[in-house]
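Notes to accompany the following structure.
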Amino acid sequence: MEVRIKSLEVEMQVKQKGIELEVRTKDGAEQLGDCYATMTGLTWCKGKIKKENGVKVKWEDFIVICASSESLKAAVKAAKAV
């Protein structure tokens, strides 16, 4: 996986515009999507989906998902089953 910061608009804290990470395949040939980190949470945009149409995750939910290896594995397993 290749991850790039496309737009870094950060002072000391992550603001509303946040930062945009571009996620590409290992060889960099294909864009898998963009991840936006803002002060309210994360937004995942698969492929070329616009930010407003992405999947939003509040920081509180992200923390619960990543609280342990077991909770992360369960979340990934549930997501793959859909």
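Not measured: the values here are computed from a predicted model.
- Taking all atoms of both residues into account, the shortest heavy-atom contact from Cys45 to Lys50 is SG-O, 3.7 Å.
- For Lys46, the NZ atom sits in a loose shell: 12 or fewer heavy atoms of surrounding residues, nucleotides or ligands are nearer than 6.0 Å.
- Remark: Gln31 engages Asp34, Lys48 in a side chain to side chain donor-acceptor pair (under 3.5 Å) (not counting sequence neighbours).
- In the hydrophobic clustering, where aliphatic and aromatic side chains (Ile, Leu, Val, Met, Phe, Trp, Tyr) are joined below 4.5 Å either directly or transitively, Leu72 groups with Ile65, Val76.
- Remark: Asn53 engages no residue in a side chain to side chain donor-acceptor pair (under 3.5 Å) (not counting sequence neighbours).
- For residues 61-70, there are no salt bridge (charged side-chain N to carboxylate O under 4.0 Å, His left out) pairs, not counting sequence neighbours.
- Both Trp44 and Val3 sit in one connected hydrophobic cluster of ILVMFWY residues. Membership requires side-chain heavy atoms under 4.5 Å apart, directly or through other members.
- Screening residues 71-82 for side-chain hydrogen bond (donor to acceptor under 3.5 Å, both in side chains) gives Ser68-Ser71 as the qualifying pairs, with residues at least two apart or on separate chains.
- From Cys35, atom SG reaches atom CD of Glu22 across 12.5 Å, with rounding to the nearest 0.5 Å.
- Summarising the geometry of Ala29 relative to Arg24, their closest heavy-atom pair is O-NH2, 3.6 Å, with the distance given to 0.1 Å.
- Side-chain contact between Thr38 and Thr43 is absent, with no heavy atoms from C-beta onward closer than 4.5 Å.
- Other residues, nucleotides and ligands place no more than 12 heavy atoms under 6.0 Å from the NZ atom of Lys58.
- Clustering of Ile, Leu, Val, Met, Phe, Trp and Tyr by side-chain heavy atoms under 4.5 Å joins Phe62 with Leu42, Val57, Trp59.
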